[in-house]
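Input: a single structure, listed below in C-alpha cells.
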Amino acid sequence: MHTATANRTKISTSIHVLPTPPSAMDLLQSLYRHAGPYVSVYVEVDPQRDDAAELVAARWQTLRTDLASQGASQRSLEAIDARVVLPTPADTAGMCIIAADDGHTVVDHALEPPRQNVAFLDTLPYVAPLLEWNQRRVPHVVVTVDETGADIVSFGTQHDAAVSTIEANNEPASLAVDIATRVEAFGARLVVLAGDDDICRNLMHALSELVDPNCRVLVDDTRTVDDLADATVRYVLDTAARDTVTKLREFRFLASHQDAVEGTAATVQ
C-alpha cells in the first residue's frame with residue numbers, strides 16, 4: 001500500500017519483468033508429443049508449512065496406490081514421485097502433475113487448492129482445472145496514489161510481484177505516463193487505482209488513453225489493504241470471465257456461418 005513520505009526517489013525507467021512461464025497450451029503441446037495413457041494428479045500444497053513436503057508426499061501416496069491398481073505405468077508413477085518432492089512456489093496452494101506413459105511430465109501450480117486431491121488414469125489427460133488456472137492468470141497492476149506519489153504493485157503470470165514507487169513532483173499527465181510504462185512492461189490487462197478519489201479519477205481518464213484498449217482501468221474506493229486485496233481478486237476473476245464471454249460470442253458468430261460446430265460427433269465429422 002501507498003505510504004506518504006516526505007521524500008521520494010524516482011525509480012529508474014529500467015523495469016525488470018519476470019519471464020513468462022509456459023501457458024497451459026504450451027504444457028499440453030509438450031505432453032501430447034508423448035503417448036498415453038496419461039496420469040493426471042491434482043493435490044493441495046502448503047508451501048508455508050515446515051512439513052509441506054511430507055504432506056504432499058502423503059497425499060500423493062494415497063492416490064498412487066489407487067493408480068497402480070488401475071494399471072498406471074511404473075514410469076509414469078516414478079516420474080510423479082520425483083516431481084512431488086520438488087519445492088513449490090511460495091504463494092501457491094495447488095499443484096497439477098500430468099505424466100505420459102513413458103514418464104514425461106508437465107507441472108503447474110495455482111493460487112487456490114483443488115476442491116479435493118484427485119488422480120485419473122485415462123486415454124487423455126484431465127486438463128479442465130489446468131485450463132481454469134491458466135485463464136485466471138491475468139497480469140494486473142494495483143496503484144495506490146495520494147498527493148505525494150504512487151506505489152505500484154505489478155502482478156505478472158508467475159507467482160511473484162514487483163513493487164515500485166513514483167514521486168509526484170511532476171504533472172499528473174507525467175505520472176500517468178510512468179504508470180502506463182509499467183503497465184505495458186508487464187503486459188497488464190487490468191489496472192486497479194486506489195487512494196485519493198480525485199487523483200484516481202484523473203489518472204483513470206489519462207491511463208485509458210495511454211494503455212492498450214484491452215486493458216481495463218478501474219477505480220476502487222475501498223479504504224483498507226484487505227478490502228483492496230479482496231476487490232482486486234474480484235476484478236481479476238471478472239476480467240477472466242469477460243474473456244470467456246468474448247470467446248463464446250466468437251464461437252456463436254462462427255457457428256452461425258458454419259465455421260464452427262458444437263459437440264463431439266459434429267467435431268469429429
Side-chain angles (χ1 to χ4, degrees), residues 18 20-29 40 42 44 89 91-96 98 108-116 118 125-144 152-162 179-180 182-194 200-201 203-205 207-222 224-257 259-264 267:
L18 296 169
T20 302
S23 68
M25 297 308 297
D26 294 331
L27 295 177
L28 291 178
Q29 287 176 357
S40 306
Y42 293 85
E44 182 178 359
D91 294 329
T92 60
M95 177 168 59
C96 163
I98 304 178
D108 200 10
H109 299 88
L111 297 176
E112 67 276 359
R115 293 176 181 171
Q116 59 183 354
V118 294
Y126 177 54
V127 298
L130 178 66
L131 295 173
E132 183 179 10
W133 291 357
N134 186 81
Q135 185 187 26
R136 291 184 176 183
R137 292 192 184 114
V138 177
H140 59 285
V141 173
V142 179
V143 184
T144 314
I152 305 173
V153 186
S154 303
F155 299 88
T157 51
Q158 295 204 78
H159 306 291
D160 292 289
I179 295 172
R182 286 152 181 77
V183 169
E184 181 180 2
F186 274 83
R189 295 174 44 224
L190 170 68
V191 180
V192 180
L193 302 173
C200 285
R201 299 295 173 187
L203 273 178
M204 180 182 69
H205 295 302
L207 283 172
S208 298
E209 299 294 325
L210 296 173
V211 300
D212 187 282
N214 293 320
C215 178
R216 300 174 67 202
V217 182
L218 305 174
V219 174
D220 184 76
D221 59 2
T222 55
T224 70
V225 174
D226 289 341
D227 287 344
L228 177 58
D230 291 342
T232 300
V233 171
R234 292 196 299 271
Y235 298 142
V236 168
L237 295 179
D238 181 62
T239 300
R242 287 168 182 258
D243 287 344
T244 300
V245 172
T246 298
K247 292 294 189 297
L248 288 172
R249 286 174 175 167
E250 288 182 20
F251 172 79
R252 289 169 183 162
F253 173 80
L254 292 172
S256 69
H257 292 79
D259 290 322
V261 295
E262 183 175 7
T264 303
T267 300

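Just so it is clear, the values below take in all heavy atoms, side chains as well, and ignore hydrogens, waters and symmetry mates. Here the structure is a predicted model, which is why all the values come from computation and not from measurement.
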Which atom of P114 lies closest to which atom of A93, heavy atoms considered: CD-O, 4.3 Å

Nearest heavy atoms of P139 and G187, plus distance in Å: CB-O, 3.6 Å

Heavy-atom side-chain contact between T144 and L228 under 4.5 Å: yes

Straight-line distance of D108 CG to N134 CG, nearest 0.5 Å: 7.0 Å

Beyond-backbone contact of L207 with L193, side-chain heavy atoms, under 4.5 angstrom: yes

Of V191, I179, V217, the residue whose pairing with L203 passes side chain to side chain contact (heavy atoms under 4.5 Å, CB included): I179

Euclidean distance, E262 CD relative to R252 CZ, rounded to 0.5 Å: 9.0 Å

Side chains of R136 and L237 in contact at under 4.5 Å (non-hydrogen atoms): yes

Pairwise side-chain contact, Y42 with L130, heavy-atom cut-off 4.5 Å (strictly under): yes

Gap between atom CG of L218 and atom SG of C200 - 0.5 Å precision: 11.5 Å

Which residues share a ring pair (Phe, Tyr, Trp, His ring centres under 6.0 Å) with F253, sequence neighbours left out: H257

Any donor-acceptor N/O pair, E44 side chain to P113 backbone, under 3.5 Å: no

Identified side chain to side chain contact (heavy atoms under 4.5 Å, CB included) partner of F155 from the options V138, V142, V141: V142

Inter-residue atom distance E250.CD - D259.CG, 0.5 Å rounding: 12.5 Å

Minimum side-chain heavy-atom gap W133-E112 below 4.5 Å: yes

Contact check, side chains of R182 and V143, non-hydrogen atoms, under 4.5 Å: no

Residue E184 excluded, over 12 heavy atoms near CD under 6.0 Å: no

L131 side chain reached by L28 side chain, heavy atoms, under 4.5 Å: yes

Pairs flagged by side chain to side chain donor-acceptor pair (under 3.5 Å) wherever residues 228-239 is involved - sequence neighbours left out: R216-D238, R216-T239, D220-Y235, D238-R242

Contact check, side chains of V192 and H140, non-hydrogen atoms, under 4.5 Å: no

